[in-house]
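Just so you know, these numbers come straight off a predicted model, no measurement behind them. Letters A, B, ... are given to chains in the order of the sequence lines, protein chains preceding strands, and every chain is numbered from 1.
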Protein chains: 2
Amino acid sequence: MPITISDVAREAGVSTSTVSKVLNNWTTISPATVDRVKHAIHKLNYTPNSRAVSFARQTTQNIVFLTSLGKNEAYHNPHMFDIMCGVNSILAKNNYTLSLVDIFNDSYQGESVTRVMAQKCADGMVIHGSAISKEIADLITKQQFPHILIGHPGFETQLCWIDTNHVLAGQAAAEYLISNNYGDVAFIGGKKTDHISMQRLKGFLGTMHSYGYLVSPEKILYTNSSREESYEATIRLLELKKSPSAIVCESNTIALGTARAIEKMKLEVPKDIAFLTFDAYPYSEIIDPKPTVIDINVYDMGIQAGIMLLRKMENPALQIQTYTTLPVVNAGKTT
Amino acid sequence: MPITISDVAREAGVSTSTVSKVLNNWTTISPATVDRVKHAIHKLNYTPNSRAVSFARQTTQNIVFLTSLGKNEAYHNPHMFDIMCGVNSILAKNNYTLSLVDIFNDSYQGESVTRVMAQKCADGMVIHGSAISKEIADLITKQQFPHILIGHPGFETQLCWIDTNHVLAGQAAAEYLISNNYGDVAFIGGKKTDHISMQRLKGFLGTMHSYGYLVSPEKILYTNSSREESYEATIRLLELKKSPSAIVCESNTIALGTARAIEKMKLEVPKDIAFLTFDAYPYSEIIDPKPTVIDINVYDMGIQAGIMLLRKMENPALQIQTYTTLPVVNAGKTT
DNA sequence: CTGAAAGCGCTTACAG
DNA sequence: CTGAAAGCGCTTACAG
């Protein structure tokens, strides 16, 4: 019932090889033939069967997005889906499809990965950080399967990866404050063991220092990232005899506590004090007073990851290990 | 290089047909042969090439999740991804893959849908409400392509759909209050044109009435769903000479305003007043005082959708148009 | 119980 | 510039 390449060939009075060549834009076909074939295609409203094409070409034009989907993943980790959307957009542009593979219910390490590679149901793999382990990394590198890992792996590996650069985001916060003439700043972070928090702090302090602003230790506070502790921390800061003119919060939850404290002290943002936080999600929209947000565009990171994977598939020798980031400063505006 | 069915056949000393039959659990093969073939498969570590299988079988074992992915979709609409995860889980269990198709960049109505159907890259389609239109509905019903739509379409159609039942959620709220002996209740909704809000209100009032509790009109308030209006509305309610003993908010944003007002009036939850909201997402976790949450399990709805689609694919004559819902009452506990 | 053969719908050397 | 033919790796009537 469905139209095949043979129907088109018959209609155009040529062989299927010729139709195929027209379909694939070979330059060796005479313009007249191309025309006839195109007419036939149009007339019959023919679309190649993608399964047959992929099978004959020994390529799937499909990429797997490998991840671990816990309960409520969509709410707890919307960033992952934003990345996925970015990946999907660039793949679609390049005529690749994206399929979702969840390793959460794997009965042993590497079950899904092995299956994907053995069954040849994808030409490449985008691996979310939640789905990586030493075992899986080994499987992939051993097979030399085209891949890109989102997020720095926690271990030594030959994998290709891409990650956000929190140091740069910290720098962006500092630069924003400096360019707005805030020199006396404070930073409320998470625990000292919180990697992201420390990276942001590092970038922040580094830039402040490089511009000649010294941040005294009493203005760098560490918390358990709860609203309560950050409320207390902010109050302490604001009660200093030389209280800061700007407060940078390392997370949205911290910013919630800080906002309460700012309100409690009856300070106005930005007149009395500058108020910054990292990440637009999940609460920046409803924090009152509204903070300036340093956000990271992970959708764009997904696009970058997709581009790199496509490049790797063209050129398997390519090694990619890189940081990417586009910190965006959003000064109290609603998106 | 990769092992094929012929390698296995040679190793086992049988024909490829026989290997195929063993692979597909035909009962006509002698146990001895089955054994030999299985040994060969094991020895060579053979996995069938899924592309070849799907091509020979004329089936893809793939389902498309059709949606429209705007910017920041992951943050604005995490429910959609939760549904997708539910769909994916049930499909994976049934050996189907799920691939994501975004119609956002389609240059004309139905472009992606037509392609998916013509190229035969999927056996069926789960369509998110954001991706449906009259044109697309027509294309799908004309082709009789197996599908299930998430969300009630806004128009008359032959499509199969599944949707949440907000009336039931409203009932759940009422039942919770009644069983906890709150009879004098108030409801703060969105605009009267807000379909979901009105459905919830309808279920809520219906159940209250059926239990003999009458809710006076002055205790049913409509707002623009902003924190500001709901704050005002709540203050007004609490200043009534006969103020309600329970307030039901139709959304998280409304609940934010109500929480502020409750705090302002120095009332305690649940001692002085009961405080309910619909939806766990996005803010229920940080609303202070903590509301009781009536949530809907859309992950489960995804599972239901997947099951129905699989049934439709087995039995194309099946018509499905149904409401589903699992309202979950979560009284002030953190998940 | 087993196997030879056709077929799924394309692509691609290769020959002409 | 064009086409016959082999091939991609399976499945499945059909014959025996």
Side-chain angles (χ1 to χ4, degrees), chain A residues 1-41 44-62 95 115-123, chain B residues 1-41 44-62 95 115-123:
Chain A
M1 194 63 191
I3 311 293
T4 69
I5 199 172
S6 314
D7 298 319
V8 176
R10 200 175 315 115
E11 174 75 26
V14 298
S15 72
T16 59
S17 327
T18 303
V19 176
S20 175
K21 284 164 191 164
V22 171
L23 248 18
N24 294 289
N25 299 311
W26 287 34
T27 50
T28 58
I29 310 292
S30 75
T33 309
V34 170
D35 254 26
R36 257 186 312 144
V37 171
K38 287 199 167 166
H39 273 123
I41 288 174
L44 300 178
N45 193 222
Y46 166 73
T47 317
N49 179 321
S50 64
R51 243 177 349 208
V53 173
S54 98
F55 184 54
R57 280 208 192 117
Q58 294 290 87
T59 156
T60 63
Q61 294 293 112
N62 181 232
N95 289 312
R115 182 166 33 75
V116 167
M117 296 192 299
Q119 294 184 172
K120 307 186 193 333
C121 36
D123 302 334
Chain B
M1 193 64 187
I3 312 291
T4 71
I5 199 171
S6 314
D7 299 318
V8 176
R10 198 174 317 117
E11 174 75 26
V14 297
S15 72
T16 59
S17 328
T18 302
V19 176
S20 174
K21 285 164 189 163
V22 172
L23 249 19
N24 294 289
N25 299 311
W26 286 35
T27 51
T28 58
I29 310 292
S30 75
T33 309
V34 170
D35 255 25
R36 254 187 313 142
V37 171
K38 287 200 167 166
H39 272 124
I41 288 174
L44 300 178
N45 193 222
Y46 166 72
T47 317
N49 180 321
S50 64
R51 246 177 348 209
V53 173
S54 98
F55 183 56
R57 279 208 194 118
Q58 293 291 86
T59 157
T60 64
Q61 294 292 113
N62 181 233
N95 289 313
R115 182 166 32 76
V116 167
M117 295 191 301
Q119 295 184 171
K120 308 187 192 335
C121 36
D123 302 332

Review point. With a 4.0 Å cut-off on heavy atoms, is A:Ser6 in touch with a base, just the backbone sugar-phosphate, or nothing at all?
Key: nothing
Revision key, fill the gap. Exactly one candidate in A:Ile29, A:Val14, A:Leu23 meets side chain to side chain contact (heavy atoms under 4.5 Å, CB included) with A:Val37; the answer is A:Val14
Exercise for review: Using atom CD1 of A:Ile5 as one end and atom C1' of C:dC10 as the other, report the distance to the nearest whole Å.
Suggested key: 6 Å
Exercise for review: Mark yes or no for a side-chain to base donor-acceptor pair under 3.5 Å between A:Lys21 and D:dG3, with no hydrogen or angle criteria applied.
Suggested key: yes
Check your understanding: In whole angstrom, what separates B:Asn49's CG from C:dC8's P?
Key -> 19 Å
Exercise for review: Assign A:Ser20 to base, sugar-phosphate, or nothing according to its heavy-atom contacts below 4.0 angstrom with the strands shown.
Suggested key: base
Review point. When Watson-Crick pairs (N1 to N3 and N6-O4 or O6-N4) and G-U wobble pairs (N1-O2 and O6-N3) count only below 3.5 Å on both distances, what is the dot-bracket string of DNA chain C, with | for other-strand pairs?
Key: |||.||||||||.|||
Review point. Looking for any heavy atom pair under 4.0 Å, which part of the strands does A:Val14 touch: base, sugar-phosphate only, or nothing?
Key: sugar-phosphate
Point to revise | Upstream residue (5' side of DNA chain C) when B:Lys120 and B:Val34 are each assigned their closest nucleotide | key: B:Val34
Check your understanding: For the pair made of CD in A:Gln58 and C1' in D:dA6, what is the distance, rounded to whole Å?
Key -> 14 Å
Review point. Counting distance only, does the side-chain N/O of B:Asp123 pair as donor-acceptor with the main-chain N or O of B:Thr60 below 3.5 Å?
Key: yes
Check your understanding: In whole Å, what is the span from the CD atom of B:Gln61 to the C1' atom of D:dC10?
Key -> 14 Å
Review point. Do the side-chain N or O atoms of B:Thr18 get closer than 4.0 angstrom to the phosphate oxygens (OP1, OP2) of C:dG3?
Key: yes
Check your understanding: For B:Lys38 and B:Asp35, what are the C-alpha separation, side-chain angles and deciding distance, and is it a salt bridge (charged side-chain N to carboxylate O under 4.0 Å, His left out)?
Key -> CA-CA 5 Å; B:Lys38 287 200 167 166; B:Asp35 255 25; over 6 Å; no
